[in-house]
Amino acid sequence: MEKIALVIGSTGLVGQALVEQLIAAEEISQVITLTRRPIEYASVKVMNYVVDFDQLEQHASLFQADLMFSCLGTTLKQAGSIGAQRKVDFQYQLKAAELAAEKGVSHYLLVSSSGANDQSPSAYLKMKGELEKRIKLLNFERISIFQPSLLMGDRKEFRLAEKLGSWLLPSLCLIPRLRRYRPITGKQVATKMHLVSSQSGPKLALYRLDELFER
């Protein structure tokens with residue numbers, strides 16, 4: 001049966017690659033992308049809607065789909081403060097998930113982070129862990145959570161820390177104890193998300209870094 005897929009965070013590394021794969025997927029009849037600015041797609045399969053993420057309740061009708069992929073996220077530098085980053089990485093994603101659950105989305109797929117823990121001393125990992133905890137309480141038939149490490153790929157903006165990490169980590173991660181921190185491309189994460197969405201699976205599944213490389 002063909003399905004409708006909803007994607008937030010479709011302009012990021014994972015989201016862009018994911019939308020491309022969903023467009024090509026035979027089981028997907030329509031892809032809905034929610035963005036802050038209009039995005040043009042070559043495929044008629046994609047419906048793009050510009051929304052105010054601070055007022056997502058006003059766009060509740062757009063959350064009627066079979067699958068929801070949450071790839072939204074920002075950096076501390078882009079956001080300007082921990083509070084502003086939390087608004088995007090926690091508040092926006094949680095509200096979107098709540099609306100999706102209310103509208104009957106059956107399978108919710110979330111891009112989280114390696115090391116996500118609601119008790120972490122790291123503000124970033126703490127908010128990711130808190131989001132995972134809250135998502136698990138929502139009424140979805142199925143929840144899949146993906147925990148990648150450093151995401152690699154072509155970005156519009158230059159990120160010094162990620163560029164240095166992309167040079168250093170592949171070599172450092174040859175050391176067995178550091179292997180679990182090795183970087184992964186946004187396309188690899190998107191491929192795993194699409195694969196999981198196209199197959200049957202458990203009600204709740206957590207995919208850590210090693211599993212994201214598996215096909």
| task | Step by step, work out the side chain to side chain contact (heavy atoms under 4.5 Å, CB included) result for Leu151 and Val14. | result | CA-CA 8 Å; Leu151 288 171; Val14 176; 4.0 Å; yes

Can you tell whether the side chains of [X] and [Y] come within less than 4.0 Å, N to carboxylate O?
X: Asp89; Y: Lys128; result: yes
X: Glu20; Y: Lys187; result: no
X: Arg134; Y: Glu130; result: no
X: Lys95; Y: Glu98; result: yes
X: Asp54; Y: Lys87; result: yes

| Say you draw a straight line from CE of Met68 to NE2 of His107; how long is it, rounded to the nearest 0.5 Å? |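 Spacing of CE (Met68) from NE2 (His107) equals 12.5 Å.
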
| Are Leu99 and Leu62 co-members of a hydrophobic cluster defined by side-chain heavy atoms under 4.5 Å apart? |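 Looking at the clustering, Leu99 is in the same group as Leu62.
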
| message | Starting from Val44 and following side-chain heavy-atom contacts under 4.5 Å between hydrophobic residues (I, L, V, M, F, W, Y), which residues can be reached? | response |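 ILVMFWY cluster around Val44 holds nothing else.
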
| Hey, what else clusters with Val50 if you join Ile, Leu, Val, Met, Phe, Trp, Tyr whenever side-chain heavy atoms sit under 4.5 Å? |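 Answer for Val50: none, a lone residue.
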
| request: Might you work through the side chain to side chain contact (heavy atoms under 4.5 Å, CB included) test for His59 and Asp52, ending with a clear yes or no? | output: CA-CA 8 Å; His59 311 283; Asp52 179 355; 4.2 Å; yes

| query | Under the criterion side-chain contact (heavy atoms from CB on, under 4.5 Å), which of Leu34, Val31, Thr33 is the partner of Leu6? | reply |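 Passing option: Leu34.
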
| request: Could you walk me through whether Lys203 and Arg142 pass side chain to side chain contact (heavy atoms under 4.5 Å, CB included), step by step? | output: CA-CA 4 Å; Lys203 179 177 176 59; Arg142 186 178 171 196; 5.7 Å; no

| Ring-face cation contact, Phe90 with Arg86, 6.0 Å cut, 45° max |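 Satisfied, under 6.0 Å and within 45°.
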
